[in-house]
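Take a look at the structure set out below.
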Amino acid sequence: MRTFFGVFLLVLALAVPASAEALSPQEAAERLFRSESIDPEWFAQQGFAAPVERAVDDIRKELGALEGIEPCTDQCLAIFERGEVTFDIGLDDQGRIEMLLFDVPIGYAASLEEAVARLTDLPGDVSVFIASEGAPRIDVGGDRPLAVGSAFKLAVLKALDNLIGAGKLAWDDVVSFRDEWRSLPTGQMREWPAGAPVTLHTLAALMISESDNSASDALIDIVTRNSVETVSPRNRPFLTTREFFQLKAKDGAALRDAYLAGSFDVWMAILSDLRAAPLVRAADLETTPLPGIEWYFTTAELCSLMGEMQDLDVLQINPGIARKGDWNRVSFKGGSDFGVFNLTTGVETAEGVRHCVSATWNDDETLDEDTFMVLYAGLLHQLK
C-alpha cells in the first residue's frame, strides 16, 4: 500500500550524455534525506521537487534524522533515528531523479507491547488483535465490534470459499456482469460493459486486491446475502456497497433515520426500494461518520477469517503495509471510510510460522491514516 508518503515519479526524458559527476542511487538518496532544502535541479522534471520535499519532511518528522542508507539492491533502505523506510529510486544519465517511490515507513519500538501501546494511544476507539499460529498473542479490545469499511469483504470471500468447498460453485465459473452490480469506486469494474463474461476468481481477485466495490456486490448477489450473513450474523442484513452508498446520500437523512430505528422487516423493505433507485453520485455522499450504516467486525473475527483463508491466492496479490521481502507469504485486506480505518494482515515467516495482525480505528474526527500505518508497520516489524 503506497500512501501520502509514496511519491511516484516517472519521466521519459530525452537522451543526454552521461555526466562524470553523476551520482549513484544511494548517493542521490542520501543527499535527498540529509539536505535542509531540495534543489529542483536534482530531478529530471523539476516540478517533482515540491511534492518530494513534502514527503521527505514527513518521513523525517516521523522517524528523526537520517543515520545512513544501506547499499541499494532490489530496493534501497534508509535508516533513521526512530525507524526506517524502503524505497525505489531511478536516475537518468545525468544522475537526476526520474523515479522515486517510498514504502510506508516503519516506526521502531523496544518491544511488540510498546508498538501496540503507541497504536492504542491514538484518540477514539482502537482495537488491536495479534495471533501467532492461530493462538491469541495480543488482545486489546479484540472482542469489541467496530466499523471496518471494506475489510468486510473478507466475509464475502469466506462465503464464496465455503460454497466452492461444498462443490456448489467453482473458481472458474463464468458469470455475466450485470448493471445492478455497478457501485461507486473504489475499483473500475463499474465501467465494464453489461454482459461481460467474468470468472468468480476474477471477481474475488478484484474485490480483495483492488477493493473493487462492484465486484464485491456481484459476489454478494451470487453467493446470496444469507450466505454472507451465516459468516457474519451481526451484520444482518448484510449491506452491499451500493446500498451503503444510497443510505449515505446527503439528502437521505429521513431514510437513514427510518432505517436505524426500524426492525429487520423495515430494513429489508428499505433495501428493496433502494434496488430501483439510481446510484448516488460520489459528490452527493455524507462525509461524516454515520454510526449504524457500516459493517461491524471485531479484530479477533477478522484474524479468524484471515487465518482460515490465508492460503487463497487472491489474498496475496496486494500485500498492503507489509514488505513482501520480509516474509515468505503475505495476505492482506484493509478498509476505510470517514472516521473508519482497518488493516488486517496475515504473514508467514521463512520458518513457516504464521501471524495475523488486525487493527481498527474509529473516531468522530478525521483520522491520521499515515500515522496509523507507520505504527501498524511497526507491529509487523516486531513480529519479523
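Please read all numbers here as calculations on a predicted model, not as lab measurements. The first residue of the sequence shown is numbered 1, and numbering continues consecutively from there.
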If you measure from the Lys or Arg side-chain nitrogens to the Asp or Glu carboxylate oxygens, is any gap between [X] and [Y] under 4.0 Å?
X: Lys158; Y: Glu308; result: yes
X: Glu67; Y: Arg82; result: no
X: Glu301; Y: Arg234; result: yes
X: Asp121; Y: Arg118; result: no
X: Arg354; Y: Asp311; result: yes
X: Arg54; Y: Asp57; result: no

Mind telling me whether [Y] and [X] have parallel, tilted or perpendicular rings, with 30° and 60° as the class edges?
X: Phe80; Y: Phe33; result: perpendicular
X: Trp361; Y: Phe372; result: parallel
X: His201; Y: Trp171; result: perpendicular

Between Glu27 and Arg31, is the salt bridge (charged side-chain N to carboxylate O under 4.0 Å, His left out) condition met? List the steps. CA-CA 6 Å; Glu27 291 169 334; Arg31 179 178 65 180; over 6 Å; no
For [X] and [Y], test the side chains for any donor-to-acceptor distance below 3.5 angstrom and give the result as yes or no.
X: Ser183; Y: Asn213; value: no
X: Tyr376; Y: Thr345; value: yes
X: Glu351; Y: Asn328; value: no
X: Thr241; Y: Asp217; value: yes
X: Glu348; Y: Gln310; value: no
X: Ser227; Y: Thr230; value: no
X: Ser127; Y: Asp125; value: no

Using the benzene-type ring in the case of Trp, are the ring centres of Phe152 and Phe238 under 6.0 Å apart?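 Centroid separation for Phe152 and Phe238: below 6.0 Å.
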Kindly indicate whether the side chain of Phe177, heavy atoms from C-beta on, has any atom under 4.5 Å from the side chain of Met189.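 Yes, close enough: below the 4.5 Å cut-off.
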If you group Ile, Leu, Val, Met, Phe, Trp and Tyr by side-chain heavy-atom gaps below 4.5 Å, do Met306 and Ile164 land in one group?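 Yes, it is one cluster - the side chains of Met306 and Ile164 are joined through contacts under 4.5 Å.
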Linked, directly or transitively: Val148 and Phe332 (ILVMFWY side chains, under 4.5 Å):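 Each belongs to a different hydrophobic cluster.
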